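On a predicted model such as this, the values are computed, not experimentally measured, just so you know.
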Amino acid sequence: MGLTLVFFAYIIISSGVRILFSPSHSFDGDVLQALPTNSWLALIVRLLMTFVVAMTAPLIVVPCGEMIEGKLGIGVNEMYKRIAIRVLLCMLCMIVSEHAPGFVHVVSFIGCFCASIIGFVLPPLFCIQLRDSNPKERMSKMDFISYCDIGALVIGIITTILTSTMTFSEMRRSQQQ
């Protein structure tokens with residue numbers, strides 16, 4: 001219910017901003033760059049966007065930091081190492097965002113990568129893992145379904161690589177212009 005409410009709120013707010021500023025401005029991608037510089041309403045929109053980014057950053061940094069700490073074997077008691085990991089993660093994000101040509105390109109790259117992973121790689125991977133977790137199925141030889149799962153996984157990985165490469169090259173091309 002909450003996500004649906006947020007979804008419709010985003011649609012209403014973005015449509016409202018577009019209606020407010022569309023008579024005098026065209027949108028080629030990034031709405032924040034298209035907003036006028038001398039309007040108090042545009043300033044409020046920019047400040048609210050900054051507020052949203054500042055408030056949601058911990059939702060990204062904390063889980064990512066915990067995953068990295070877990071993979072590196074850093075315990076809960078090693079506070080300095082945990083702080084260093086999270087600071088380095090924030091610095092990496094800051095460096096990438098500084099060199100990215102625009103917010104729109106970064107969001108499209110992340111969306112492309114995540115949609116490909118979620119849609120094409122994870123489902124066959126989960127099927128393979130579920131099939132391997134069943135001892136009765138593990139003992140049997142590879143059947144047609146197993147080959148289909150492996151084929152779908154390979155196609156998903158190739159699709160993810162291709163779409164991410166194409167989006168990244170488009171991002172680089174727009175940066176050179």
**Q** Can you tell me how far apart SG (Cys127) and CD1 (Ile150) are? Round to the nearest 0.5 Å.
**A** 11.5 Å
**Q** For residues 71-81, dump all side-chain donor-acceptor pairs below 3.5 Å to protein atoms at least two apart in sequence or in another chain.
**A**
from, atom 1, to, atom 2, distance (Å)
Glu78, OE1, Gly75, N, 2.6
Glu78, OE2, Lys81, NZ, 3.2

**Q** Among all residues two or more places apart in sequence or in another chain, which pass the side chain to side chain contact (heavy atoms under 4.5 Å, CB included) test with Ile157?
**A** Val121, Leu153, Ile161
**Q** Can you name the residues that form a side chain to side chain contact (heavy atoms under 4.5 Å, CB included) with Phe144, not counting sequence neighbours?
**A** Cys148
**Q** Tell me every residue that passes side chain to side chain contact (heavy atoms under 4.5 Å, CB included) with Ile145, counting only those two or more places apart in sequence or in another chain.
**A** Arg131, Asp143, Asp149
**Q** Do the charged groups of Glu66 and Arg82 touch, with an N to O distance under 4.0 Å?
**A** no
**Q** Is there a chain of hydrophobic side chains (I, L, V, M, F, W, Y, each step under 4.5 Å between heavy atoms) that links Ile128 to Ile155?
**A** no
**Q** Tell me which pairs pass side-chain hydrogen bond (donor to acceptor under 3.5 Å, both in side chains) where either residue lies in residues 160-169, with sequence neighbours left out.
**A** Ser116-Thr163
**Q** Which donor-acceptor pairs under 3.5 Å do side chains of residues 55-65 form with protein atoms, sequence neighbours excluded?
**A**
from, atom 1, to, atom 2, distance (Å)
Thr56, OG1, Val52, O, 2.8
Thr56, OG1, Val53, O, 3.4

**Q** Go through the structure and list residues passing ring pair (Phe, Tyr, Trp, His ring centres under 6.0 Å) with Phe168, not counting sequence neighbours.
**A** Phe109
**Q** What's the spacing between Ile68 CD1 and Leu89 CG if we round to 0.5 Å?
**A** 5.0 Å
**Q** May I ask whether Leu48 and Leu41 are part of the same hydrophobic cluster, defined by side-chain heavy atoms of I, L, V, M, F, W, Y residues being less than 4.5 angstrom apart, directly or through others?
**A** yes
**Q** Got Phe51 and Leu47 here, is their nearest side-chain heavy-atom distance under 4.5 Å?
**A** no
**Q** Identify, with sequence neighbours excluded, every residue that meets side chain to side chain contact (heavy atoms under 4.5 Å, CB included) alongside Thr50.
**A** none
